[in-house]
Amino acid sequence: MTQITLKPITEDNLSELWSVSYGPKADLEWMNWDGPYFQDPVLTWEDFRSGFGKNCLDNPLRKAIYADDRIVGIVTAYWEDNDLHQWLDFGIAIYDPNLWNRGVGSQAIRQWLTYLFAQEPTIQRIGYTTWSGNHRMMKLGEKLGMLKEAQIRKVRFWQGEYYDSVKYGILREEWLNN
């Protein structure tokens, strides 16, 4: 079984993270599932290093996912309610499609949710938002015992078709009893 670990993103591993996510040899298929309706650009090293990557450095709400000692993805979290710090949502991206449907994401999110609840002892819920076109992310929530809390119909437009926005969440006591 593949050993999955989450590690801080530092100057030492930032270029490797860019390389697997956006670099010349990166498989960009992941971008077709990670909110493709936003039409985010493929980031150059400079744009990554000075923008998203810089925001990841030593950030407790960003970790690199390692599978057997190589970076394969990222987990993130953000405050949906900004400075109130009561509504925390997370995200995940696994960059190598060969690792999809192999339990890497669920192992990473199990670790991530456990870490986030420990780091933020006052929050009562953690969740995420996906879209109805991303069946793997919807299954992830169900697999982890999360509740589908909302389904906003036909608000995500991608390749000529409308999709639903779907929200999942889990309460602290549900996670601890899971």
Side-chain angles (χ1 to χ4, degrees), residues 1-22 30-31 33-35 40 48-49 51-131 134 136-150 166-178:
M1 178 153 206
T2 304
Q3 175 69 23
I4 303 301
T5 54
L6 304 180
K7 297 181 183 179
I9 300 166
T10 65
E11 288 284 353
D12 292 339
N13 63 11
L14 190 62
S15 65
E16 183 182 357
L17 179 61
W18 172 78
S19 181
V20 300
S21 58
Y22 296 104
W30 68 272
M31 294 183 77
W33 304 99
D34 187 37
D40 293 330
F48 181 84
R49 187 172 60 116
F52 181 77
K54 181 179 179 181
N55 292 332
C56 290
L57 291 175
D58 301 309
N59 183 337
L61 297 181
R62 310 266 187 280
K63 301 272 186 203
I65 302 170
Y66 282 77
D68 297 332
D69 297 320
R70 72 179 175 96
I71 293 179
V72 299
I74 188 171
V75 288
T76 61
Y78 57 94
W79 294 105
E80 191 69 55
D81 61 354
N82 300 314
D83 293 337
L84 296 176
H85 286 207
Q86 296 300 316
W87 183 349
L88 190 64
D89 272 7
F90 71 85
I92 182 172
I94 305 292
Y95 302 120
D96 182 351
N98 294 316
L99 296 176
W100 296 350
N101 298 317
R102 298 184 64 197
V104 172
S106 59
Q107 285 184 63
I109 292 303
R110 283 182 204 285
Q111 292 176 37
W112 192 226
L113 289 177
T114 299
Y115 166 83
L116 291 171
F117 275 125
Q119 288 299 112
E120 303 294 339
T122 63
I123 62 168
Q124 296 303 303
R125 177 206 172 269
I126 297 175
Y128 72 95
T129 303
T130 190
W131 59 297
N134 191 338
R136 285 184 293 275
M137 278 301 288
M138 292 172 62
K139 284 188 180 194
L140 176 69
E142 295 164 12
K143 183 176 182 178
L144 294 176
M146 300 180 89
L147 179 66
K148 186 197 310 185
E149 297 173 328
V166 186
K167 293 183 168 290
Y168 288 85
I170 194 160
L171 300 177
R172 176 184 295 278
E173 63 263 23
E174 293 167 342
W175 183 252
L176 294 176
N177 292 324
N178 195 354

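Between the side chain of Trp112 and the backbone N or O of Thr76 there is at least one donor-acceptor pair closer than 3.5 Å. In terms of modelled atom types and a separation under 3.5 Å, the side chain of Asn134 and the main chain of Met137 share a donor-acceptor contact. Between the side chain of Asp96 and the main chain of Val72, no donor-acceptor pair closer than 3.5 Å is present. For the pair Arg49 (side chain) and Leu14 (backbone), a donor-acceptor distance under 3.5 Å is absent. Remark: the backbone N or O of Gln86 is paired with a side-chain donor or acceptor of Asp81 at under 3.5 angstrom. Thr114 places no side-chain N or O within donor-acceptor distance of the main-chain N or O of Gln111, the cut-off being under 3.5 Å. Judged purely by atom type and a 3.5 angstrom limit, Tyr115 has no side-chain atom pairing as donor or acceptor with the backbone of Arg110.
Here the CD-CD1 distance, from Glu120 to Ile126, works out to 8.5 Å after rounding to the nearest 0.5 Å.
Salt bridge status for Glu174 with Arg125: absent, with no side-chain N to carboxylate O gap under 4.0 Å.
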Before giving the answer on salt bridge (charged side-chain N to carboxylate O under 4.0 Å, His left out), spell out for Lys7 and Asp12 the whole-Å C-alpha distance, their side-chain angles and the decisive distance to 0.1 Å. CA-CA 12 Å; Lys7 297 181 183 179; Asp12 292 339; over 6 Å; no
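Outside the 6.0 Å centre-distance limit, the rings of Trp100 and Tyr95 are not counted as a close aromatic pair.
Relative to the ring axis of Trp33, Arg136 places its NZ or CZ within 45° and under 6.0 Å from the centre.
Partner of Leu116 under the side chain to side chain contact (heavy atoms under 4.5 Å, CB included) criterion, out of Ile109, Val75, Leu88: Leu88 alone.
Side chains of Ser21 and Trp30: no donor on one and acceptor on the other come within 3.5 Å.
Between Ile170 and Phe117, the closest heavy-atom pair is O-CZ, 3.8 Å.
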